[in-house]
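A short worksheet on the structure shown next.
Chain letters run A, B, ... following the sequence lines, proteins first, then strands; residues in each count from 1. The structure displayed is predicted, hence computed values, not measured ones.
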Amino acid sequence: AQKITQTQPGMFVQEKEAVTLDCTYDTSDPSYGLFWYKQPSSGEMIFLIYQGSYDQQNATEGRYSLNFQKARKSANLVISASQLGDSAMYFCAMREPGNKLVFGAGTILRVKS
Amino acid sequence: GAGVSQSPRYKVAKRGQDVALRCDPISGHVSLFWYQQALGQGPEFLTYFQNEAQLDKSGLPSDRFFAERPEGSVSTLKIQRTQQEDSAVYLCASSVPAVSSGRAVPGTDTQYFGPGTRLTVL
């Protein structure tokens with residue numbers, strides 16, 4: 001069973017606008033962590049933001065925020081004021097017991113000038 | 001500080017050859033992970049070390065895959081008798097839990113990835 005679902009294979013956004021990348025997850029464990037990573041064409045996996053299952057507030061890191069809706073099991077990434085350099089593949093991941101990460105299939109984001 | 005480094009960045013092997021991929025984690029990071037990323041897909045877990053102990057190798061696809069971390073720092077992923085289906089990017093990540101009041105907080109690890117090794121098996 002797929003544990004992380006990213007339903008948007010690709011997204012376009014106009015420069016300076018905000019964009020939301022969707023992520024839903026499936027787990028029966030009450031304690032878990034959710035992550036978003038950015039992978040540019042160069043290939044490195046860059047950590048963006050983390051949300052713990054017990055965190056009361058949505059995580060924010062600069063232009064990145066995580067819209068965490070626990071009851072819906074969703075952890076959408078919001079990027080505000082998009083920049084050309086934001087064009088990349090974005091992965092949602094969940095930490096399972098034992099610390100390994102399970103990744104979604106990813107969403108390719110293209111920022112248009 | 002220095003991030004996770006991996007070498008080589010690119011490796012071309014003929015089918016049947018053995019290869020060794022190296023990972024240098026961030027200094028002081030206790031946990032080390034290997035992932036395999038096929039083209040156009042998300043990374044998939046291979047194996048996990050805490051210091052020198054291999055705590056989880058459930059993701060290794062066959063007994064041709066072997067990983068070690070003998071001194072709890074540098075790790076090597078070895079693939080014997082490579083096959084074409086082994087062609088992928090191999091990513092290494094290291095992590096350490098957050099510390100609060102001088103104690104590690106369980107479940108707070110964030111994994112930081114290296115640039116990966118792109119393996120092509122001909």
Exercise. Evaluate the ring planes of A:Phe103 and A:Phe91, with Trp represented by its six-membered ring, and classify them as parallel (under 30°), tilted (30 to 60°) or perpendicular (over 60°).
Key: perpendicular
Practice problem: Identify the two heavy atoms, one from B:Leu119 and one from B:Asp86, that lie closest to each other, and give their separation to 0.1 Å. | Solution: CD2-O, 3.8 Å
Quiz item: Is it the backbone or the side chain of B:Leu91 that comes under 4.5 Å from a heavy atom of chain A, or both, or neither?
Solution: side chain
Quiz item: Hey, which residues of residues 39-46 of chain A are touching chain B, say heavy atoms under 4.5 Å apart?
Solution: A:Gln39, A:Ser42, A:Gly43, A:Glu44, A:Met45
Self-check item: Contact residues of residues 56-78 of chain B (partner chain A; heavy-atom separation under 4.5 angstrom)
Solution: B:Asp56, B:Ser58
Practice problem: Heavy atoms only: give me the nearest A:Leu66-A:Gln51 pair and the separation to one decimal. | Solution: CD1-CB, 3.8 Å
Quiz item: Nearest heavy-atom pair of A:Thr20 and A:Gln8: which atoms, and what distance?
Solution: O-NE2, 3.5 Å
Exercise. Test side chain to side chain contact (heavy atoms under 4.5 Å, CB included) on A:Glu15 and A:Leu84 and set out the steps.
Key: CA-CA 7 Å; A:Glu15 194 178 8; A:Leu84 295 177; 3.8 Å; yes
Exercise. For residues 55-113 of chain A, pull every pair meeting disulfide bond (SG atoms under 2.5 Å apart), keeping only residues two or more places apart or in separate chains.
Key: A:Cys23-A:Cys92
Quiz item: When only heavy atoms count and the cut-off is under 4.5 Å, which of residues 30-40 of chain B reach chain A?
Solution: B:Phe33, B:Tyr35, B:Gln37, B:Gly40
Quiz prompt | Nearest non-hydrogen partners of A:Lys70 and A:Tyr32, listed with the distance | solution = CG-OH, 3.6 Å
Quiz item: Got more than 12 heavy atoms from elsewhere within 6.0 Å of NZ, A:Lys73?
Solution: yes
Exercise. Over all heavy atoms of both residues, which pair between B:Val4 and B:Ser94 is shortest? Give the atoms and the distance, please.
Key: CG2-OG, 3.5 Å
Quiz prompt | Same cluster (ILVMFWY, side-chain, under 4.5 Å), B:Phe113 and B:Leu46 | solution = no
Practice problem: Name the region of B:Gln41, side chain, backbone, both or neither, that has any atom closer than 4.5 Å to a heavy atom of chain A. | Solution: backbone
Quiz item: Okay, side chain of B:Thr117, backbone of B:Tyr90: is any donor-acceptor separation there less than 3.5 Å?
Solution: no
Quiz item: With under 30° as parallel and over 60° as perpendicular, where do the rings of B:Tyr112 and B:His29 fit, or are they tilted in between?
Solution: tilted
Quiz item: With a 4.5 Å limit on heavy-atom distance, are the side chains of A:Glu17 and A:Val19 in contact?
Solution: no
Exercise. Flag yes if B:Val96 and A:Phe35 sit in one hydrophobic cluster, no otherwise; membership is Ile, Leu, Val, Met, Phe, Trp, Tyr, and two members link when side-chain heavy atoms are under 4.5 Å apart.
Key: no
